[in-house]
Every structure is written in structure tokens, then in C-alpha cells.
Amino acid sequence: NGVPAIAQIGLPEFLFGTTWRPANDVYGIFPMIVGSIYVTAGAIIVGVPTGLLCAIFLSRFASGRVAAVLKPGVELLAGIPSVVYGFFGLVVMVPFIRDNMPGRGLSLLAAAVLLGIMILPTIITVAQSALDAVPKKYYEGALALGADHERAVFRVIVPAAVSGIMAGIVLGVGRAIGETMAVLMVVGNAPVIPESISSPVSTLTSQIALDMSYSSGLHRTALFGMGVVLFIVSASLVGLVRLLSKMREG
């Protein structure tokens, strides 16, 4: 359904056109591609370091009582529906951004931070499992060679678990780029290339969800074409992360 629409519109016009006006039969999705990449990149910047540090803390530093409290909290975050995250972003994050930055608050920044929070449970859970699976002799050997606890964890345990950690990051990136409802509620849904992090944008997923209910004809098939592009972008990002992981292991 999508490929014939791309052929009819023209691949360069479809991918690199900067105007999305279905009423005028103008279908340029470049602003949505840029918006998806920016929002996903922002979510990675927010979620990956935070999630990795939380996983390291739970695996190697937290006491039994602290871990008993934090682990159910992480599991609870994983079970919260996307629309609830969207409402949280709409009533907490958007007003805060509106009061402290230019614009209406519905912005690239709001979507990136919200997605960063949403991918935390995935990254924390998978990374912690990878860290826990590292043989105990690695840690004991580092201590025997004179390393302290922190150096043994960050210089020995974490590098040994890098494959599992990268798997968690891949899963988190997959959720970030494919998320629809929460992003739709806070991103602003303006199909333009953002000028700053406080500017409203539109992503591929949010635009598909926004237009699908009333689209028809070429407009509808163009949305299927956006789905094809979204799949390619998602696969490319996951492939890039896996390539970096293999290079790191090598």
C-alpha cells in the first residue's frame, strides 16, 4: 500500500519535501523524519545514562532493603499505559516548559524527556540482568589485583556486561521511536523542522495516528508510505546500535 504512493508522489519529493498539506496533494515528510530522529535522540540522551546508572546502582551498590523498594518501582513504571504517561507530560511537563522557556510547552523537549522516562524500565531491567549475570570471579579477581569496589564495577563488571547493556539500549530505542500516544499528546504536532528544543514538531508515528482517522485516497496511502519509512528508520537505528556494540566488543 505504501510503495505505490511513494512512486506516485516521487521518492525525492516524498522524503525531502518540507511541506505536508494533504488538502493540496503535497506530501513532504522530511519534517516528520527530522522530528522522529530528534525526539528519539533526546530520549536516548535522557534515558540511557540514567537507566544505566540506575541498573549499576541496583546491581552492585544498593542494599537489600533499598533494592526491595526500588525494583517494584521500576516494574511499576513498565506497567503504566502510554496514555497515562501522556497525561503526566500534559499536566506537569508542558506547563513547566511553558513557564520557563519560549513557546507553548508542547515541544520537542517535552516529548524527548517523556520518552526518556518511558524507556527507563526497559533499559534498567535488561542492563541489571546483564550485570547480575557477570561471573563473581571477575569482581573478586579485580579486588585481588588491588582495585576498589567502584573501580572493579566500572572497569571490569560493566565492560563484561556490555552486550546485555547494548541489548537493553536497542530495546529502549525501539520503544522510543515507535511510541505514538504519549508523543502525540505533548509534541505539538506541527509538521515543520524545529528551530529549537522548545519548538513544536511532529513525528512519523504521531502524524500517522493524527491523520489516519479521516484520510482517504492518496492521503491514506501516503500514510502507509510513512509507515514504510518509519520501519526503515527504526531498522537503521537498531542496526547502528548493534554495529557500535560489535565494534566495542572487537
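These numbers were taken from a predicted model, which means no experiment stands behind them.
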Path from Val173 to Val126 over hydrophobic side-chain contacts below 4.5 Å: no

OG-CD1 distance between Ser234 and Ile177, expressed to the nearest 0.5 angstrom: 4.0 Å

Shortest non-hydrogen contact from Phe154 toward Pro159: O-CD, 3.5 Å

Parallel, tilted or perpendicular: rings of His149 and Tyr139 (30°, 60°): perpendicular

Rounded distance (nearest 0.5 Å) linking atom CG of Leu230 with atom CG of Leu204: 5.5 Å

Exam field: side chain Arg60 to backbone Leu131, donor-acceptor pair closer than 3.5 Å: yes

Given Ile9, Ile6, Val229, the one that forms side-chain contact (heavy atoms from CB on, under 4.5 Å) with Leu15: Val229

Neighbour count above 12 (heavy atom, 6.0 Å) for Phe16 CZ: no

Transitive ILVMFWY side-chain link Ile157 to Phe61, under 4.5 Å: yes

Atom of Met226, atom of Phe14 and distance for their closest heavy-atom approach: N-CZ, 3.8 Å

Shortest non-hydrogen contact from Ala161 toward Ala130: CB-O, 3.6 Å

In one Ile/Leu/Val/Met/Phe/Trp/Tyr side-chain cluster, 4.5 Å: Leu171, Ile80: no

Approximate separation, where rounding is to 0.5 Å, of Asp148 CG and Leu143 CG: 8.5 Å

Heavy-atom side-chain proximity of Val83 to Met185 below 4.5 angstrom: yes

Non-hydrogen side-chain atoms of Val34 and Pro194 separated by less than 4.5 Å: yes

Main-chain N/O of Gly105 paired with Ser107 side-chain donor or acceptor, under 3.5 Å: yes

Any donor-acceptor pair under 3.5 Å from Ser206 side chain to Ser202 backbone: no

Pair Asp132, Ser59: side-chain N/O donor-acceptor within cut-off below 3.5 Å: yes

Candidate pair Asp211 and Trp20, rule side-chain contact (heavy atoms from CB on, under 4.5 Å), full reasoning: CA-CA 11 Å; Asp211 288 12; Trp20 176 262; 3.1 Å; yes

Side chain to side chain, Val66 and Phe57, heavy atoms closer than 4.5 Å: yes

Considering all heavy atoms, the nearest Arg98-Gly103 contact: CG-O, 3.8 Å

Contact summary for Leu58 and Ala67, nearest pair of heavy atoms: CD2-CA, 4.2 Å

Transitive ILVMFWY side-chain link Leu52 to Met166, under 4.5 Å: yes

Pairwise side-chain contact, Tyr27 with Glu13, heavy-atom cut-off 4.5 Å (strictly under): no

Heavy-atom closest pair, residues Ile56 and Val158: CD1-CG2, 3.7 Å

Heavy-atom check, side chain of Leu218 versus side chain of Gln8, under 4.5 Å: yes

Stepwise side-chain contact (heavy atoms from CB on, under 4.5 Å) check, Leu223 with Met212: CA-CA 7 Å; Leu223 296 178; Met212 187 59 74; 3.9 Å; yes

Main-chain N/O of Ser196 paired to Ser199 side chain as donor or acceptor, under 3.5 Å: yes

Leu90 and Leu106, any side-chain heavy atoms less than 4.5 Å apart: yes

CA sep, side-chain torsions, deciding dist, call: Glu150, Arg155, side-chain contact (heavy atoms from CB on, under 4.5 Å): CA-CA 8 Å; Glu150 289 76 13; Arg155 295 294 182 89; over 6 Å; no

Leu210 reachable from Val26 in the ILVMFWY side-chain graph, under 4.5 Å edges: no

Rounded distance [0.5 Å steps], CG in Leu184 versus CD1 in Ile208: 11.5 Å

Sidechain-backbone polar pair: Thr50 side chain, Gly47 backbone, donor-acceptor under 3.5 Å: no

Interatomic distance, Thr203 atom OG1 to Ile29 atom CD1 [nearest 0.5 angstrom]: 11.5 Å

Worked verdict on Thr125 versus Val74 for side-chain contact (heavy atoms from CB on, under 4.5 Å): CA-CA 8 Å; Thr125 302; Val74 173; 4.0 Å; yes

Atom OH of Tyr85: over 12 foreign heavy atoms under 6.0 Å: yes

CD/Glu195: more than 12 non-hydrogen atoms of other groups inside 6.0 Å: no

Residues Ser82 and Glu179: side-chain donor-acceptor under 3.5 angstrom: yes

Side-chain touch Ile37/Thr40, heavy atoms, less than 4.5 angstrom: no

Thr205 side chain reached by Ser36 side chain, heavy atoms, under 4.5 Å: no

Separation of Leu108 CG from Ile197 CD1 (nearest 0.5 Å): 7.0 Å

